[in-house]
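The structure appears right after this line, and notes come after that.
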Amino acid sequence: MTAVDEVELRQHFEATIAHDQRIEPRDWMPDGYRNTVIRQIAQHAHSEIIGMQPEGNWITRAPSLRRKAILIAKVQDEAGHGLYLYSAAETLGADRADLTDKLITSRQKYSSIFNYPTMSYADVGVIGWLVDGAAICNQVPLCRSSYGPYARAMIRICKEESFHQRQGYELLMTMMRGTTEQQAMVQDATDRFWWPSLMMFGPPDDASPNTARSMGWGIKRHTNDELRQRFVDMTVPQAQKLGVTLPDAQLRWNGERGHYDFGPIDWQEFFAVVKGDGPCNSQRIEHRRRAHEDGAWVREAAIAHARKAVAR
Ligand SMILES: [Fe+2]
Ligand SMILES: [Fe+2]
């Protein structure tokens, strides 16, 4: 390719972004864009897959057949989300085996939230309400992401996330109508998951060096702090309706800003969890590594079968 070709291709890429149109797999794109989108999609895919563990842990102990069926459906959805997203990363030339290898050797990250343990069935409800709720805030704007396959995958994923959020809230509503012990379980789970849910939006804007570039490319549509504020504003009235207290003494409505003010986030905790020092990091990775190794024979059999089919 000559230098002139490259200038033209770059202009075409930039015009596509400027017109808010989608970049498709066969289009020319700068390496920085390709690598940033691969990294974001991979991190998102890993989060869906690792995110099956904290709740999957409760499937065998669901309190009723109805709750078990709902939880299985939800955890299966997360597996599906992981698969669409790995496929979206493959359209950019990433290799899925390589992405899995990067996950299980801790060279790529997943959401910090999944490194916290699930202590009771109320956690299933609170994860649906807060964690899937935060995921929706993050992901709805990604339905307009500049990379076409990612944006299209997000449309379906967001529909399913909305079911996840509702099943969680409905479970909590049921528990809050129950015994005082059940109400205490909901409050305890809320106390444990509130701050880690706010951390899901990532570091504050002044400590998030890649945000401006990702927004310029239309990969991201809002800053971390904007999305976090949106989540708090959406969640406070839901907590009131539920009858739980959010564990933040500084949380109050600010009429001037038209938003809720909230207390400082413990960023030291966040960075420790991201670095690998959360309560469950090694357990999550170890479990994923073992599952991958246990599945080796399935991959080998599938390849052998495909070869035979070609030979026939
Ligand atoms: Fe998901
Ligand atoms: Fe979900």
Side-chain angles (χ1 to χ4, degrees), residues 37 39-59 62 66-90 96 99-100 103 108-118 121-145 147 149-173 189-190 192-194 196-202 220-221 227-228 230-231 234-235 238 280 284 287-288 291:
V37 179
R39 200 187 51 228
Q40 182 172 332
I41 297 178
Q43 195 166 317
H44 189 168
H46 298 330
S47 303
E48 301 283 357
I49 296 297
I50 296 285
M52 295 163 75
Q53 290 185 38
E55 290 181 282
N57 183 32
W58 284 92
I59 289 173
R66 178 170 176 268
R67 292 293 170 199
K68 192 196 275 269
I70 293 171
L71 185 56
I72 289 174
K74 194 214 161 185
V75 172
Q76 273 182 341
D77 283 354
E78 307 300 9
H81 298 173
L83 298 185
Y84 311 150
L85 289 166
Y86 285 126
S87 300
E90 283 181 321
R96 190 169 144 196
L99 296 179
T100 299
L103 169 65
Q108 273 181 344
K109 293 184 189 351
Y110 56 89
S111 176
S112 55
I113 192 78
F114 302 119
N115 293 310
Y116 291 86
T118 42
Y121 209 81
D123 290 23
V124 170
V126 167
I127 287 176
W129 173 38
L130 297 180
V131 176
D132 291 277
I136 292 170
C137 275
N138 251 331
Q139 292 172 12
V140 165
L142 294 178
C143 298
R144 296 186 301 113
S145 164
Y147 188 58
Y150 190 36
R152 289 188 289 273
M154 291 320 300
I155 293 171
R156 175 153 178 196
I157 289 176
C158 282
K159 286 187 179 150
E160 293 177 346
E161 295 303 352
S162 132
F163 152 67
H164 299 170
Q165 207 260 358
R166 280 169 200 212
Q167 66 80 35
Y169 197 71
E170 190 264 347
L171 166 58
L172 297 179
M173 273 294 191
T190 304
R192 284 181 288 106
F193 277 97
W194 174 248
S197 300
L198 296 191
M199 294 174 196
M200 280 176 71
F201 296 91
K220 250 175 114 151
R221 294 291 183 179
L227 292 167
R228 189 166 12 248
R230 189 179 288 187
F231 174 69
M234 179 183 98
T235 309
Q238 294 170 351
C280 299
R284 302 292 184 234
H287 187 89
R288 181 69 194 90

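Whatever order the structure lists them in is the order used to number ligands and atoms, beginning at 1.
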_the Fe ion (ligand 1) and Asp77: any N/O/S contact shorter than 2.8 Å?_
no

*Using a cut-off of strictly less than 2.8 Å, determine whether Glu160 has an N/O/S atom near the Fe ion (ligand 1).*
no

Restricting to N/O/S, name the atom of [X] that gets closest to the Fe ion (ligand 1).
X	result
His81	ND1
Glu161	OE2
Glu48	OE1
Glu78	OE1

*Output the atom name for the N/O/S atom of Asp132 with the smallest distance to the Fe ion (ligand 2).*
OD1

*What N, O or S atom of His164 is found closest to the Fe ion (ligand 2)?*
ND1

_side chain to side chain donor-acceptor pair (under 3.5 Å) between Glu48 and His44, intermediate numbers included_ = CA-CA 6 Å; Glu48 301 283 357; His44 189 168; 3.1 Å; yes

*Relative to the ring of His46, is the ring of Tyr86 parallel (under 30°), tilted (30 to 60°) or perpendicular (over 60°)?*
tilted

State, to 0.1 Å, how close [X] and [Y] come at their nearest heavy-atom pair, and which atoms those are.
X	Y	answer
Pro141	Ile136	CD-O, 4.4 Å
Met200	Val131	CE-O, 3.6 Å
Ala122	Leu172	O-CD2, 3.8 Å

*Show your reasoning for whether side chain to side chain donor-acceptor pair (under 3.5 Å) applies to Tyr84 and Arg156.*
CA-CA 10 Å; Tyr84 311 150; Arg156 175 153 178 196; 2.8 Å; yes

